[in-house]
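All values below were derived from every heavy atom in this structure, side-chain atoms included, with hydrogens, water molecules and symmetry-related copies excluded.
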Amino acid sequence: MALRLYDTGSRSKRRVEYQGDALTIYACGITPYSDSHIGHARQAIAFDILVRWLRSQNVPVKYVTNFTDVSDTIIEAAEKEGVDYTVISNRYITGYRKSMKRLNVLDADAYPRVTESIDGIISMITTLVEKGHAYQGDDGVYFEIETAPEKYGYLTGQTLEMVKSGAGGRVDDTGIGKRDHRDFALWKFEKSDGPSWESPWGRGRPGWHIECSAMVYEHFGERVDIHGGGSDLMFPHHEAEIFQSECCFGIAPFASHWMHNGMINVDGEKMSKSLGNFWTITDAIDAVGEIVLRYSLINAPYRQPIDFNEVLLKDAELNYRKLLNCILNAGGMTDGTSWEKYEKLLISEEAFVSGMNDDLNTRVAIAETQVVVKLMGQSLREQNRGLTDACIGWLAKYAGEVLGIIPSEKEISLMMDDRAKKRSNIEKEVDDLIEQRRVARSEKNWTEADRIRDVIEKMGVSLQDDDNGTHWQITGD
RNA sequence: GCACGAGUGGCAGAGUAGCUAUGCAACGGACUGCAGAUCCGUGGACCCGGGUGCAAAUCCCGGCUCGUGCUCCA
């Protein structure tokens with residue numbers, strides 16, 4: 001396979017390979033305790049682009065992403081509202097799925113939930129206890145780091161000693177029954193009346209990390225080709241998964257590639273509720289539209305931090321408008337037009353493909369898309385239908401199918417209808433005004449001509465004067 | 001403190017040894033009565049100091065600055 005992907009484990013770009021019938025991808029999803037934010041959107045889009053790219057290259061892919069549908073945060077939210085915890089998790093899962101759809105994120109093959117994976121979780125913990133990697137403490141079952149110290153720091157380069165010295169007071173609150181503060185919980189015993197399940201060690205609920213190991217096993221077996229999530233999950237979450245899965249099944253590596261997307265800052269600061277610079281996905285979509293949001297989130301390659309700010313959004317919006325206008329001006333999408341006769345398009349294709357194969361460089365991919373949009377602008381001007389159709393074919397495949405930044409054909413044709421309707425509603429009036437303006441212009445009455453132009457533009461119409469007279473079109477909404 | 005990553009034109013942001021990134025902005029031009037839109041073109045950059053090379057933004061060493069992580073996190 002031509003795709004080279006950065007692997008956090010080896011800290012290098014490595015060729016992607018797969019062993020079974022399909023390439024397996026697991027991404028850690030959200031904990032649904034509040035509205036999803038643009039950081040969640042970025043993570044989902046990064047993996048969506050990975051899946052779309054592989055599929056467009058005819059690689060069979062199985063993609064699974066989970067919901068951590070039981071957690072302290074969910075339980076707190078439920079208590080606050082006086083509802084069952086499932087009310088909270090279901091509400092935000094529904095909201096998340098809805099947002100993903102709007103952002104053109106394709107459905108994963110499965111969305112497992114912790115609460116539906118309890119059996120698998122218990123069975124993994126049982127094995128870990130039997131093999132001597134886990135022990136029961138006063139308040140839960142813990143994984144014992146000292147039983148596999150060589151695995152510590154695989155993703156983050158941290159050593160056992162560093163965590164002890166640097167973590168300050170925070171390590172005190174993570175469980176009182178541990179032998180070592182770096183051990184992590186596999187099963188937490190029931191404290192009050194929160195959700196809990198029977199287990200060989202007593203009623204309780206899973207620790208945060210074990211769910212993903214269990215779900216990967218359930219869907220893919222002992223190992224997975226690509227595993228990932230936000231870079232903030234590297235430690236401790238993903239390192240904990242490595243301990244659990246590798247020790248449970250006696251295999252290594254658990255994941256061939258670890259893929260981590262970068263975080264989002266807002267106006268140069270970390271996005272957080274307390275700073276008040278927090279964007280939920282729905283807020284962002286309301287502000288700029290769903291595809292512009294998606295465009296802005298793939299403007300930088302997935303590993304780079306993104307600064308979410310006015311300039312980024314303005315840029316994404318402008319470039320998206322250009323793309324969309326070209327398509328609308330060309331009369332919408334056309335089916336299956338190839339571009340192999342046009343050398344410029346082949347060159348752009350080559351650049352796009354090699355950019356994507358180089359660790360999913362969406363920045364290069366977007367740059368090539370912009371090149372093609374420009375070419376299409378020339379083509380429309382010259383009324384070169386063959387080239388225009390070829391450009392549309394290129395854009396449909398690369399900007400549409402791969403990057404997901406073109407609305408569906410259905411939406412495009414709705415936009416076209418809408419334009420046509422608007423046009424026919426005002427056609428007569430505009431034509432009359434243009435005629436009046438033409439007369440004023442022929443009399444060199446520029447004041448009157450400009451006044452009429454203002455009137456026309458207020459109707460949402462833009463005029464173009466050229467040799468053949470005056471043309472007009474509905475301004476992009 | 002330790003770990004990981006980053007510092008590129010006015011701005012966003014690719015490139016990782018020799019060949020135009022791209023977009024916005026600026027400037028010049030075509031078109032226009034003017035403007036807008038569109039198109040054509042121009043200039044301008046590689047944090048600092050050393051080193052290796054015919055050649056370094058790109059590799060190596062040192063420094064400075066910034067971001068993130070270090071058991072809530074996408």
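Between A:Asp48 and A:Arg52, at least one side-chain nitrogen of the basic residue sits less than 4.0 Å from a carboxylate oxygen of the acidic one, meeting the salt-bridge criterion. One finds no salt bridge joining A:Arg182 and A:Glu239 here, because no Lys/Arg side-chain nitrogen approaches an Asp/Glu carboxylate oxygen to under 4.0 Å. Looking at A:Asp232 and A:Lys270, no side-chain N of the basic residue comes within less than 4.0 Å of a carboxylate O on the acidic one, giving no salt bridge. Looking at A:Asp107 and A:Arg97, a side-chain N of the basic residue comes within less than 4.0 Å of a carboxylate O on the acidic one, giving a salt bridge.
Atom name C1', nucleotides B:C19 and B:G23: the rounded distance is 22 Å, in whole Å. The same atom, P, is picked in B:G43 and in B:A55; the two are 27 Å apart, to the nearest Å. Distance check on atom P: B:C72 versus B:G18 gives 46 Å, rounded to whole Å. Comparing the C1' positions of B:A21 and B:C2 gives a spacing of 37 Å, expressed to the nearest Å. When the P atom is compared between B:C34 and B:A25, the two are found 22 Å apart, to the nearest whole Å. Comparing the same atom, C1', in B:G50 and in B:U42 gives a spacing of 36 Å after rounding to whole Å. Atom P of B:C47 sits at a distance of 15 Å from the matching atom of B:G13, rounded to the whole Å. Only the P atoms considered, B:U71 is 32 Å distant from B:G15, to the nearest whole Å.
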Readout for nucleotides 36-41 of chain B: B = base within 4.0 Å of protein heavy atom, S = sugar-phosphate only, - = neither; 5' to 3' it is B-BSS-

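In this structure, A:Glu368 places its CD atom 13 Å from C1' of B:G15, rounding to the nearest Å. The distance from atom CH2 of A:Trp446 to atom C1' of B:U32 is 10 Å, rounded to the nearest whole Å. Spacing between atom CZ of A:Phe235 and atom C1' of B:G5 amounts to 18 Å, rounded to whole angstrom units. If you measure from atom CD1 of A:Ile452 to atom P of B:G33, you get 16 Å, rounded to the nearest angstrom. As a whole-Å value, the separation of A:Asp307 CG from B:A12 P is 9 Å. When the P atom of B:U20 is taken as reference, atom CD1 of A:Ile347 falls 13 Å away, rounded to whole Å. Computed from coordinates, the A:Ile298 CD1 to B:U22 P distance equals 19 Å when rounded to whole Å. Per the geometry, CE belonging to A:Met234 stands 9 Å off C1' belonging to B:G5, to the nearest Å.
Comparing A:Asp358 and A:Ala449, the nucleotide of RNA chain B nearest to each residue sits closer to the 5' end for A:Asp358. Comparing A:Pro236 and A:Gly262 by the nucleotide of RNA chain B whose heavy atom lies nearest to each, the residue mapping closer to the 5' end is A:Pro236.
Within the cation-pi definition used here (under 6.0 Å to the ring centroid, within 45° of the axis), A:Arg42 does not qualify as a partner of A:Tyr302. No cation-pi contact links A:Arg14 to A:Tyr6, judged by a cut-off of 6.0 Å to the six-membered ring centre and 45° from its axis. Judged by the 6.0 Å distance and 45° axis criteria, A:Arg179 is positioned over the aromatic ring of A:Tyr135.
Pairing of B:C2, defined by two Watson-Crick or G-U wobble distances under 3.5 Å, is identified with B:G69. With both pairing distances under 3.5 Å, B:C11 is matched to B:G23 as a Watson-Crick or G-U wobble pair. The base-pairing partner of B:G18, taking Watson-Crick or G-U wobble contacts with both distances under 3.5 Å, is B:C54. Summarising the base pairing, B:U38 is matched to B:A30 through a Watson-Crick or G-U wobble pair whose two defining distances lie under 3.5 Å.
The 12-atom threshold is exceeded at CD of A:Glu150, counting heavy atoms of other residues, nucleotides or ligands nearer than 6.0 Å. Atom NZ of A:Lys344 is surrounded by 12 or fewer heavy atoms from other residues, nucleotides or ligands within 6.0 Å.
Within the 4.0 Å cut-off from OP1 or OP2 of B:A25, not a single side-chain nitrogen or oxygen of A:Lys314 is found. Phosphate proximity of B:G23 to A:Tyr320: absent, as no side-chain N or O sits under 4.0 Å from OP1 or OP2. Contact between the side-chain N/O atoms of A:Trp208 and the OP1/OP2 oxygens of B:C73 is found at a separation under 4.0 Å. Within the 4.0 Å cut-off from OP1 or OP2 of B:A12, not a single side-chain nitrogen or oxygen of A:Asn309 is found.
Side-chain N/O atoms of A:Arg182 and base N/O atoms of B:U71 include no donor-acceptor pair closer than 3.5 Å. You'll find a donor-acceptor pair under 3.5 Å spanning the side chain of A:Asp450 and the base of B:G33, going by distance alone. Scanning atom types as modelled, no donor and acceptor separated by under 3.5 angstrom connect the side chain of A:Arg441 and the base of B:C34.
For an aromatic pair to be called close, the ring centres must be under 6.0 Å apart, and A:His237 with A:Trp208 satisfies this. Taking the six-membered ring where the residue is Trp, the centroids of A:His227 and A:Phe254 are separated by under 6.0 Å.
A:Asp72 comes within contact range of no nucleotide atom at all, as no heavy-atom separation falls under 4.0 Å. No engagement by A:Phe47 is indicated, since no non-hydrogen atom pair under 4.0 Å with the nucleic acid exists. If you check every strand for non-hydrogen atoms under 4.0 Å, A:Asn319 touches sugar and phosphate atoms only.
Distance CD1/A:Ile347 to CD/A:Glu349: 11.0 Å, rounded to 0.5 Å.
Its glycosidic angle being more than 90° from 0, B:G43 falls on the anti side.
For RNA chain B, the neighbouring residues in residues 35-45 of chain A, judged by any heavy atom under 4.0 Å, are A:His37, A:Gly39, A:His40, A:Gln43.
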